[in-house]
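Everything below concerns the one structure shown next.
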Number of protein chains: 2
Amino acid sequence: MHYTSEQEYLAHYQKRDYDSPLFTVDMAIFSISKGQLQVLLIQRSNFPEKDKWALPGGFVDLNHDQDLMTTAHRKLLEKTGIHTPYLEQVETIGNRQRDPRGWSITSLYFALIDFQKFQIEETAQIEHSAWFPIHEALQLELAFDHQKLLNLAVDRLSSKTRYTALPASLMPERFTLTELQTIYEIILGHSLEKKAFRRRMQEAGVVEETGQHKIVGKRPAQLFRYALDDFNFTFPRMLETPRNSNEDE
Amino acid sequence: MHYTSEQEYLAHYQKRDYDSPLFTVDMAIFSISKGQLQVLLIQRSNFPEKDKWALPGGFVDLNHDQDLMTTAHRKLLEKTGIHTPYLEQVETIGNRQRDPRGWSITSLYFALIDFQKFQIEETAQIEHSAWFPIHEALQLELAFDHQKLLNLAVDRLSSKTRYTALPASLMPERFTLTELQTIYEIILGHSLEKKAFRRRMQEAGVVEETGQHKIVGKRPAQLFRYALDDFNFTFPRMLETPRNSNEDE
DNA sequence: AGAATAGTGTCTTTAAGACAATATGGC
DNA sequence: GCCATATTGTCTTAAAGACACTATTCT
């Protein structure tokens, strides 16, 4: 059949003229608690890969989702009850082997959420979900290729931590610089120089003083807030690993 | 129906249980010629968006493509006859508006190819294709959301040029440092300091001398080759824009 | 006063920018 | 020798690391 106008073409067009692979969105939802980077996993209640732990994810809702980001936000909301944190697309993986049902594609997103705000959404929660420290999660024999996906997300997070202000999105509204530095250190897996860290954050204008203080135990600490619109601020240099320490291994 | 084993589940599983969006791979194929960054566009011979210029792209071949990267390589080969350049996934865009046929998703890749090696593949070439300088391409009213896609690819390329050795993948086997610097300058849109550029490349061990020289006209220049395995080397600092120049605007 | 945590002073180091000076080969 | 292009010397600058020192509050 030969069409002579776009209208005519679209009138005759049927979805499913082309065989289309399965498409899903998967989420690596990160938070920090107990001094460790944690990831939220769900235990699958259905085949395939029933009973295995997996990254939360699912299909696009063609009727309700405006775009992929919406799908990711919806998944996040379903699993955590949280609505507005930082979401970033990591990578899209597609091949014939990753799912026993055949050719399938997933777009992987990661989310960074403030642990204090958070509570697992129990409503209509068929599947178990739980937080795992990253290194435990990676030893869990996850469903599908989710170990690889989780590694991709962790790598992206730690690499961006070296040159952006992204970890600030894990913080509550107000926070002390020591708290922020601790978050950086947890993600990076090594310590940072206090003076250098504070200078970097303040001189770049990434954080600003609120005037308020937080008394925890000893000397009260100044409370700061994030001073920029988005979390994609890039520093002109990478953070280094401490110059003496022979790296962990 | 309730299944009790993965085998049983898979035996009854049918594709198309879920409505799945259209999925394509689109390519921003870059090269450098005549002192400008160029992109390869094709003129669509079919509906929708017939006759408009577009990024080359198409559906996954579920029977032959191993994974998405293979699909991208295949598209590149079909359009250019070239087989092994640098390919990188930029982003995956999916929403309801971008294609008149409904919800659709595209994974955008970019390729960097050595213009000297290249010739447009005329074999079985139904669609016209042509190279355009980026700024011309962006004024062309491209099909679908391809202007947005092209912008994403260009942004990724220039941002990675600021802190990686990626542009080296645009070079032939052997090249002079002046040639490489020129490529950087074209992509970035501003000049770079000669000494600083050479120091950066050589001290990081990104390039190595071949011992050979190239006599163009005046003093012969040393020929270098790329010294690393992959093109993802990251420098510890960003290139700056020249400190005096008040930027272009 | 002593402990603990917050915050600063300041010297060193790394790698980039600026710019002038030198080197080489064609004509 | 003159010109153009390649290549190097070396001073300055930006921003990070190291590390010691001061400040504030609690007990």
For [X], answer base if it contacts any base atom (sugar-phosphate contacts may also be present), sugar-phosphate if it contacts only those atoms, and nothing otherwise; contact means non-hydrogen atoms under 4.0 Å.
X: A/Thr176; result: nothing
X: B/Gln222; result: sugar-phosphate
X: A/Glu193; result: base

Could you check how far [atom1] of [X] sits from [atom2] of [N], rounded to whole Å?
X: A/Leu192; N: D/dC19; atom1: CG; atom2: P; value: 15 Å
X: B/Lys214; N: C/dG26; atom1: NZ; atom2: P; value: 16 Å
X: B/Gln202; N: D/dT7; atom1: CD; atom2: P; value: 9 Å
X: A/Glu203; N: D/dA16; atom1: CD; atom2: P; value: 8 Å
X: B/Phe197; N: C/dA16; atom1: CZ; atom2: P; value: 11 Å
X: A/Met238; N: D/dG17; atom1: CE; atom2: P; value: 12 Å
X: B/Gln181; N: D/dT8; atom1: CD; atom2: P; value: 14 Å
X: B/Met201; N: D/dA6; atom1: CE; atom2: P; value: 16 Å

Seminar exercise, completed: Whichever of B/Lys218 and A/Thr178 has the more 5' nearest nucleotide on DNA chain C, that residue is A/Thr178
Problem set entry | First of A/Ala221 and A/Lys195 reached from the 5' end of DNA chain C, by closest nucleotide | A/Ala221
Exercise. Taking OP1 and OP2 of C/dA16, is either one under 4.0 Å from a side-chain nitrogen or oxygen of B/Arg200?
Worked result: yes
Exercise. Reckon A/Arg198 has a side-chain N or O less than 4.0 Å from the OP1 or OP2 of C/dG7?
Worked result: yes
Exercise. Counting only heavy atoms not in B/Asp230, do more than 12 sit closer than 6.0 Å to its CG atom?
Worked result: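 Buried by this count: over 12 neighbours within 6.0 Å.
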For this session: Work out which heavy atom in B/Gln36 is nearest to a heavy atom in B/His135; give both atom names and the distance.
Result: NE2-NE2, 3.1 Å
Exercise. Do you know the tightest heavy-atom contact between B/Leu192 and B/Glu185?
Worked result: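 Answer, listing the atom of B/Leu192 first, then B/Glu185: N-OE2, 2.9 Å.
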Exercise. Can any side-chain N or O of B/Thr106 pair as donor or acceptor with the backbone N or O of B/Thr24 at less than 3.5 Å?
Worked result: yes
Exercise. Do side-chain atoms of B/Arg156 reach the backbone of B/Val90 as a donor and acceptor pair under 3.5 angstrom?
Worked result: yes
Problem set entry | Toward the 5' end of DNA chain D, by each residue's nearest nucleotide, A/Phe235 or B/Leu177 | B/Leu177
For this session: Could you pick out which residue, B/His213 or A/Arg237, lies toward the 5' side of DNA chain D when each is mapped onto its nearest nucleotide?
Result: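 The residue mapped nearer the 5' terminus is B/His213.
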Exercise. Looking at D/dT13, C/dT10, D/dT10, which one has an atom nearest to any side-chain atom of B/Arg199?
Worked result: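 Output: D/dT10.
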Exercise. Is any side-chain N or O of B/Arg219 under 3.5 Å from a base N or O of D/dA4, one able to act as donor and the other as acceptor?
Worked result: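 Not at all, since no donor on one side and acceptor on the other fall under 3.5 Å apart.
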